[in-house]
Amino acid sequence: MTHDPDRHPTPNTQHPTYIPDGPVQVILTMVKDELIRAVESALEDAKKAGDIRIKEMPEVEIDVPRKKEFGDYSTNVAMVLAREIGAPPREIAQRIADRVTEHNGVIDKVQVAGAGFINFYLKPDWYHQVILRIHDQGERYGTSERFIGQSILVEYVSANPNGPITVGSGRGGAIGDVVSNLLEAVGYRVFREYYINDALNSLQMQNFGKSLEVRYLQLLGHDVKMPEDGYQGEYVIQVAKDIVERDGDKYVHLPKEDRIALFTDMGEYAMLELQKADLEDFGIAFDNWYSERTLHESSKVTKCIEQLKERGYAYEKEGAIWLRSTAFGDDKDRTLVRSNGQPTYIAADTAYHADKFERGFNRLLNVWGPHHHGYIARTKAAVAALGYDPNRLDVLIFQVVRLFSGGELVMMSKRRGDLVPLRELVDEVGKDAARFFLLMRSADSSLDFDLELAKQQSSENPVYYVQYAHARISSILRQAEESGVPIPSVSDVDLSLITHPSEIDLVKKLSDWPGEIDRAATAYEPHRLTAYSTDLAALFHVFYRDCRVLGESPELTAARLVLVQAARVVLANVLGMMGISAPEKM
RNA sequence: GCGCCUGUAGCUCAGCGGAUUAGAGCAUCUGACUUCGGAUCAGAGGGUCGGGGGUUCGAGUCCCUCCAGGCGCGCCA
């Protein structure tokens, strides 16, 4: 078994890198920046003229208003300044608005509204720029170079190698995978890693080895009983069967201790293979599988403890060695080495995090399951005790998954819903639906997975709804080509024919994509993508109802084909970012 | 007892560092197909944003407190 840590991060070859070749202007940012500059210039002019008396320039924020009657963008800067100036916000807003237009070419109209908002209406040709850009950038559209030159190691799933990947871990997998995609899209070099909790002294692993050993002996007719806390799962018997089939009874006569050690090893190997396959069929692949055991074997754990002692953050008490994590805000100090001489999980995890930093990553992200929030403080403390800035480590905790079928909570015997094997879920609803549903809620919320809905092939099922939009677009483009209408080149098309409100709404949504990526990536919020994808699909369907593409005048058909093409690009990009297929036919 | 997460429409949930009249899907009711995929679309009803204080010109959003639910608090991992 080879899961030696790869000491040097290598470029990720298994996933597309979203790093663009040349400088990329993010559209949303571009327009926002222009508007910010326009407002700032207006403010400075007003200040010079004595219209507005302020000491320092405020930070100008540009928002997308909730309602489109309020324009394309708006700012609340006048309300922010109201207190300092001591004048009504609307009056200040008017003074700024009067000076804004002369500073910017994309603004069509400026309006003061509400409590003192300045609403901006953009010139229509700005939307044409969006379409041009999407065609120009294709699958790179939406990516940015914001974090170019930075690297991040994302650790996720990291289950014990003693069973199949569960639905709960699957949620972590989907989140980790898509967050990784997002981080790549904003310029990070991303390294995806699975930490194998395979320490030999771990009770879980020993217990697993014993259970496998018992199943093996039972299959060979020996009268041995499973330990009460043993692993009852069917898969343990299957692994034992495989061993009997391959090796027969050759382990029966070994000393019991040796036999258990051997079966722990063989079991782990089998489970890692199983887990890799489970994850692969779920669309997840790692750059590296990092074995906890190797940390002990290479004495990195020992060295790490020595280092902590030297730094004064590890001490001996009652025959054990403790981490002084309270020095960094943890509730209590934590045991690093038990009085029987065996290092704890935390000791290994500390060494592991040190190793991650030593490998040269700028940032670390751990995607952890619901039961690990208590470990954030101690892990950060350990990192800080070793002299690393704990702010370079982020931990994303996600909540439990519950499976529902026909309104009933699914229980597997006595097991919780999130202990159902991921494979069973994927077999039942498919990879695309499984991923979409597991991504659908914010990580902070527990997730109720509706199996019936996920299987449904109707618009009620969001993943079908979104994929249907993509298939529908593909169908239009296909039909255009079949009927001899060539897909025009953007430069040959008169985009000023794109004027219908449904067309404009669609384009505006397309223009949001770079901003959506940026926010979802920097806040580690992959669930935003599911919402964005359904919004985009909905706007396409509205457009489809209102605007015919084929059979209009050649010029209008050409313009709409270009728009439809752009929608397809973005829809495919969103689905691709989520690891979900974008079918041309369904 | 301490810590983390959650509490928004009948249900499942969005609501970004506070801001113009709180949103979506489902469910309910009413509508739309001789033409590009009806696996679609339109309209209607439905909310004291768990309660109470506070900060603010302005709070679902920030602070405090209480209540309810989930999950953690090991010389287990």
Side-chain angles (χ1 to χ4, degrees), chain A residues 59 61 63-67 69-71 74-76 79-80 82-83 88-89 113-117 119 159-160 162 197 199 201-205 207 292 318-322 331-332 334-346 348-349 369-377 397-400 404 407 440-448 450 453 456-462 464-465 467-469 471-480 483 515-516 519-520 522-523 525 527-528 530-531 534-535 537-538 540-542 544-552 557 560 564 585-586:
Chain A
E59 193 177 325
E61 288 178 21
D63 295 311
V64 178
R66 232 195 317 266
K67 308 223 167 193
E69 300 94 86
F70 301 136
S74 74
T75 179
N76 65 349
M79 291 181 277
V80 173
R83 181 153 23 141
F117 287 92
N119 295 336
N160 291 329
N162 55 18
N197 295 161
N201 59 3
S202 122
L203 293 179
Q204 279 86 347
M205 286 313 292
N207 197 3
E292 179 184 357
E318 294 162 3
I321 300 176
W322 298 74
D331 293 340
K332 50 180 113 171
R334 310 288 170 176
T335 312
L336 289 170
V337 183
R338 304 179 181 97
S339 45
N340 67 7
Q342 284 194 334
T344 61
Y345 173 82
I346 304 162
D349 211 36
H371 308 308
H372 292 78
H373 62 257
Y375 287 77
I376 299 175
I397 298 284
F398 61 90
Q399 300 299 320
V400 291
F404 282 84
M440 210 158 36
R441 305 296 175 218
S442 106
D444 285 339
S445 293
S446 60
L447 186 153
D448 288 349
D450 185 335
L453 182 60
Q456 219 165 350
Q457 303 202 357
S458 75
S459 63
E460 291 167 32
N461 182 348
Y464 274 90
Y465 180 82
Q467 289 181 318
Y468 179 71
R472 199 178 222 186
I473 293 172
S474 303
S475 170
I476 293 172
L477 296 173
R478 205 162 43 231
Q479 206 156 320
S483 60
E516 286 293 328
R519 242 195 78 69
T522 53
E525 290 178 337
H527 74 280
R528 297 186 139 269
T530 63
T534 37
D535 286 353
F540 174 77
H541 290 310
V542 173
Y544 177 88
R545 179 205 53 189
D546 291 340
C547 305
R548 264 201 80 80
V549 177
L550 303 178
E552 297 286 340
T557 289
R560 285 182 174 164
V564 159
K585 289 180 181 176
M586 293 173 74

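When reading the values below, keep in mind they use all heavy atoms of this one structure, side chains included, and skip hydrogens, waters and symmetry mates. Every value quoted in this text rests on a predicted model; they were computed, and no experiment measured them. Here is the naming used below: chain letters follow the sequence lines, and residue numbers restart at 1 for every chain.
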Pair of N/O donor and acceptor under 3.5 Å linking B:C75 base with A:Ser339 side chain: yes

No-H, no-angle donor-acceptor pair, A:Gln204 side chain to B:C76 base, under 3.5 Å: yes

Whole-angstrom distance between B:A19 and B:U56, as gauged at atom C1': 11 Å

Whether A:Asp63 side chain and A:Ser74 backbone form a donor-acceptor pair below 3.5 Å: no

Given B:C41, B:U12, B:U20, the nucleotide with the shortest approach to the side chain of A:Asp448: B:U12

Pair of N/O donor and acceptor under 3.5 Å linking B:G3 base with A:His373 side chain: yes

Whole-Å distance separating the CD1 atom of A:Ile376 from the C1' atom of B:G3: 10 Å

N or O in side chain of A:Lys332 less than 4.0 angstrom from B:C2 OP1/OP2: no

A:Arg338 vs B:C76: side-chain N/O to OP1/OP2 distance below 4.0 Å: yes

Is_stacked (A:Tyr544, B:C41) at 5.5 Å, 30 deg: no

Nucleotide nearest A:Ser475 when distance is taken to its side chain, options B:A19, B:G37, B:A42: B:G37

B:A14 phosphate, OP1 or OP2, under 4.0 Å from A:Ser442 side-chain N/O: yes

Structure string for RNA chain B in dot-bracket form, Watson-Crick and G-U at under 3.5 Å, | interchain: (((((((..((((.........)))).(((((.......))))).....(((((.......))))))))))))....

A:Ser446 backbone acceptor or donor facing A:Arg441 side chain under 3.5 Å: no

Between B:C13 and B:G50 - P atom distance, rounded Å: 15 Å

Nearest-Å distance once atom C1' is located in both B:U48 and B:U8: 12 Å

Atom P, compared across B:U55 and B:U61: separation rounded to whole Å: 15 Å

Residue A:Met79, side-chain atoms from C-beta onward, closest of B:A19, B:A42, B:C75: B:A19

Contact under 4.0 Å: A:Thr522 side-chain N or O vs B:C16 OP1/OP2: no

Test item: A:Thr75 side-chain N/O and A:Glu61 main-chain N/O as donor-acceptor pair under 3.5 Å: yes

Donor-acceptor contact below 3.5 Å, side chain A:Thr335 vs main chain A:Trp322: no

P atoms of B:G53 and B:G43, separation to the nearest Å: 38 Å

Interatomic distance at P, B:A24 relative to B:G52, whole Å: 26 Å

Short side-chain N/O contact to B:U6 OP1/OP2 from A:Gln399, under 4.0 Å: no

Rounded distance in Å between the C1' positions of B:G17 and B:A59: 14 Å

Selection from B:C36, B:C41, B:A14 that lies nearest to any side-chain heavy atom of A:His527: B:A14

Separation between the P atoms of B:G54 and B:G60, rounded to whole Å: 15 Å

Among B:G72, B:C41, B:C36, the nucleotide that comes nearest once only the side chain of A:Tyr465 is considered: B:C41

